[in-house]
Protein chains: 2
Amino acid sequence: MDRRDIFPRSLQYLIAIAEYGSYTRAAEALHVSQPTLSQQIKQLEDYLQSPLLDRSGRSVQLTDAGKIFLQHARRAWGELNIGTRAIQDVQDLSRGSLRLGWTPITDYLTCSLLARYHHLYPGITLSTLDMPQDDIEPAISEARIDIGIAFSKPSDSEEASSNTETFTLFEEALYLAVGDAHPRAKRKKHLNAQDFGKESLVQLNTDFALRHHIDRYCHDYGIEPRNVIETNSLTVIIEMVELGSLATVLPSTIINTQRGLHPIEVVPELPHHTVSMIWHKSGYKSPACLAFLELASEWSSAMLQTKSMQ
Amino acid sequence: MDRRDIFPRSLQYLIAIAEYGSYTRAAEALHVSQPTLSQQIKQLEDYLQSPLLDRSGRSVQLTDAGKIFLQHARRAWGELNIGTRAIQDVQDLSRGSLRLGWTPITDYLTCSLLARYHHLYPGITLSTLDMPQDDIEPAISEARIDIGIAFSKPSDSEEASSNTETFTLFEEALYLAVGDAHPRAKRKKHLNAQDFGKESLVQLNTDFALRHHIDRYCHDYGIEPRNVIETNSLTVIIEMVELGSLATVLPSTIINTQRGLHPIEVVPELPHHTVSMIWHKSGYKSPACLAFLELASEWSSAMLQTKSMQ
DNA sequence: GTCGGTCCATAGTTAAACCCTATAAGTTTG
DNA sequence: CAAACTTATAGGGTTTAACTATGGACCGAC
């Protein structure tokens, strides 16, 4: 029993005396002097305004009140013991929770990361919230989520006043994507900026960082893009493009996982966009949160390595 | 919340801070200064080796570990609260226990007392142990029973070295008892000592105080009693006497409650015997025990009054 | 950007609680 | 009745927990 214990000494003493049936022997077992027990029990009895122990005879007996109180004291002691252990569980990641926020189009990239995390720490309760790009940072500031995952905006060089930290998971090149029936599907030639400007596009709306990258590219090269459809649904974009006549701009990873889509390089190269984790700089980070950050970091290196081997 | 509480302050503080979401407001509510809370929570976190509260943001939030620990702390707090209340129950006699020991032949007298006690305090768990006269005092000394009820022995004037106290519940006169078919049943005349010595008797054995009274009487008057049957069962005595030819000596109360028995006065008068309660002098007496002693005392006065009115 | 305002953390001091040794008081046993 | 054992009491020293005063971080407003 530790010197400095959250559980009241007087109750520990009561429990021990009841167990040993003797002040003297309980004192030995507890490594305290016998008068200490006398004093503490007296105080406890004063507080409860009822005798708990009958020490008139040769052996110490519990009174009625003592018997009943002891039951509850034991249960309370047990609860605190369990609570102390449960904290250990949180720290070794056998329990806990993690709240992630990400934009809808990042999920196809990070689901494998999430699956791996869950496989490693099955006791952690995971919750993911789809939210617009611009909601992620406030959500972190207000502690509604622990970690955000999003594409970085073009302007996001270093936002000085932010109280968040970021980590780049990986970069992706952007390509023009067309369906099987699209005129450019078979040619597999690269496209120059002017030709790119003539394509009819299905695009994400301006809530998305990806769109900002493209708009900036167009502005830089004096292109007026022909945005036929705007949507906030990646599924809509893919479906529309697969129908044939429309094109879009997507990261290579998405294009390559969709059987009906074909990437076409644009020259000069469309900007890369980066997928980043973002979290609160000075706030408390739970063990579950730290474990995710570390795992994501490893996973990111592994991705880069895979990519470079291609 | 009391100034001097058995429940650890640090846990009370944690609970309050979690409730108010603020050190400052919790401190106001608890009537302590804010630094006290800072210090206590810090110590608690040190002890548990885990942060419990996240005070990086504008409002104080529980960490994962804090959430889980708080649940257990609340439960422990509840247990001690219940325990404190339960003691009150013992003291107001809505809970408790009482162990009585008595000799088999006193039960006919005291069952009504027991029933009354149970009616007044239905929450008290009663247990009665039939035991020989001579076991009662040891049982009290060894705290196996709280109160004993027995007939006093003739020699029991004042036993100095005893650590027990006694209280005389009532005195009973002894009579010769005969059945319907007994020659003396119809005469209803009193009997002198010599004629008493000629009766064939069914008697309790010498374990019983009643028998000691009778033996001493016989010895004092030079009578050699004709003890045909000895037994430790009152039922056997009554059955045998009702059959007709045998007589016995019993207290008037028993004789009058048995339809087939008739009391016959003996001259000089047979000794009275007294029924006493006996309990430990210096030992702890539970509320249930004290209540019984008091009730028995009242009941005794009432019995005397009834008897004097006859 | 800077200036208050609010909140929690830290430092230093005082009062109380806790534990110890020594000794007394009460029971039980030989 | 004395010896042995057990719990209670007294007095002193150390630790703990409370307070006041102050510092540092964050948030909003001007």
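Quantities reported herein were computed from a predicted structural model and do not represent experimental measurements. Letters A, B, ... mirror the listed sequences (proteins, then strands); counts begin at 1.
- If you check D:dC19, C:dC8, C:dC19 against the side chain of A:Arg9, the one that comes closest is C:dC19.
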Candidate pair A:Leu98 and A:Thr125, rule side-chain contact (heavy atoms from CB on, under 4.5 Å), full reasoning: CA-CA 6 Å; A:Leu98 183 65; A:Thr125 304; over 6 Å; no
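- For B:Leu37 and C:dT6, the CG to P distance is 19 Å, given to the nearest whole Å.
- Interface remark: the B:Gln43 side chain does not form any donor-acceptor pair with the D:dA17 base, using a distance-only criterion of under 3.5 Å.
- For the helix from C:dG1-D:dC30 to C:dG30-D:dC1, the axis fitted to the five pairs at one end and the axis fitted to the five pairs at the other end meet at an angle of 30° (nearest 10 degrees).
- In this structure, CD of A:Gln40 is placed 14 Å from P of D:dT16, rounded to the nearest angstrom.
- Counting all heavy atoms, side chain and backbone alike, B:Ala86 lies closest to A:Ile68 at CB-CG2, 3.4 Å.
- Qualifying side-chain hydrogen bond (donor to acceptor under 3.5 Å, both in side chains) partners for B:Asp130, counting only residues two or more places apart in sequence or in other chains: B:Trp102.
- Which of C:dC8, D:dT7, D:dA18 sits closest to the side chain of A:Gln34 comes down to D:dT7.
- Ring orientation note: the planes of A:His273 and A:His213 are nearly perpendicular, at an angle over 60° on the 30°/60° scale.
- Atoms CD (B:Glu28) and C1' (C:dT6) sit 12 Å apart, rounded to a whole Å.
- Following rounding to the nearest Å, B:Tyr47 (OH) and D:dT16 (P) show an atom-to-atom distance of 14 Å.
- Residue B:Thr24 has its side chain nearest to C:dC7 when only D:dC19, C:dC7, C:dT10 are considered.
- Phosphate proximity of D:dC19 to B:Ser33: present, with a side-chain N or O under 4.0 Å from OP1 or OP2.
- Screening residues 86-101 of chain B for side-chain hydrogen bond (donor to acceptor under 3.5 Å, both in side chains), with sequence neighbours left out, gives A:Asp64-B:Ser97, B:Asp92-B:Ser94, B:Arg99-B:Asp146.
- The main-chain N or O of B:Arg9 is never found under 3.5 Å from a side-chain atom of B:Gln40 such that the two would form a donor-acceptor pair.
- The distance from atom CG of A:Leu52 to atom C1' of D:dT7 is 16 Å, rounded to the nearest whole Å.
- Whole-Å rounding puts the B:Ile6 CD1 to C:dA17 P distance at 16 Å.
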Mind listing the N/O atom pairs, protein and nucleotides 11-15 of chain C, below 3.5 Å?
none

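- Between A:His280 and B:Tyr13, the residue whose closest nucleotide on DNA chain D is further toward the 5' end is B:Tyr13.
- Using modelled atom types, one side-chain atom of A:Tyr117 and one backbone atom of A:Ala288 make a donor-acceptor pair closer than 3.5 Å.
- Every residue two or more places apart in sequence or in another chain was checked for a side-chain hydrogen bond (donor to acceptor under 3.5 Å, both in side chains) with B:Thr84, and none qualifies.
- Side-chain atoms of B:Lys42 lie closest to C:dT10 of the nucleotides D:dT6, D:dA17, C:dT10.
- Taking atom NE2 of residue A:His31 and atom C1' of nucleotide C:dC18, one finds them 18 Å apart after rounding to whole Å.
- Nucleotide C:dG26 holds its P atom 17 Å from the OH atom of A:Tyr23, rounded to whole Å.
- Checked against side-chain hydrogen bond (donor to acceptor under 3.5 Å, both in side chains), B:Ser33 has the following partners two or more places apart in sequence or in another chain: B:Thr36.
- Checked by atom type and distance alone, the side chain of B:Glu165 never pairs as donor or acceptor with a backbone atom of B:His280 at under 3.5 Å.
- Looking at the side chain of A:Thr36, the nearest of the listed nucleotides D:dA18, C:dC19, C:dC8 is C:dC19.
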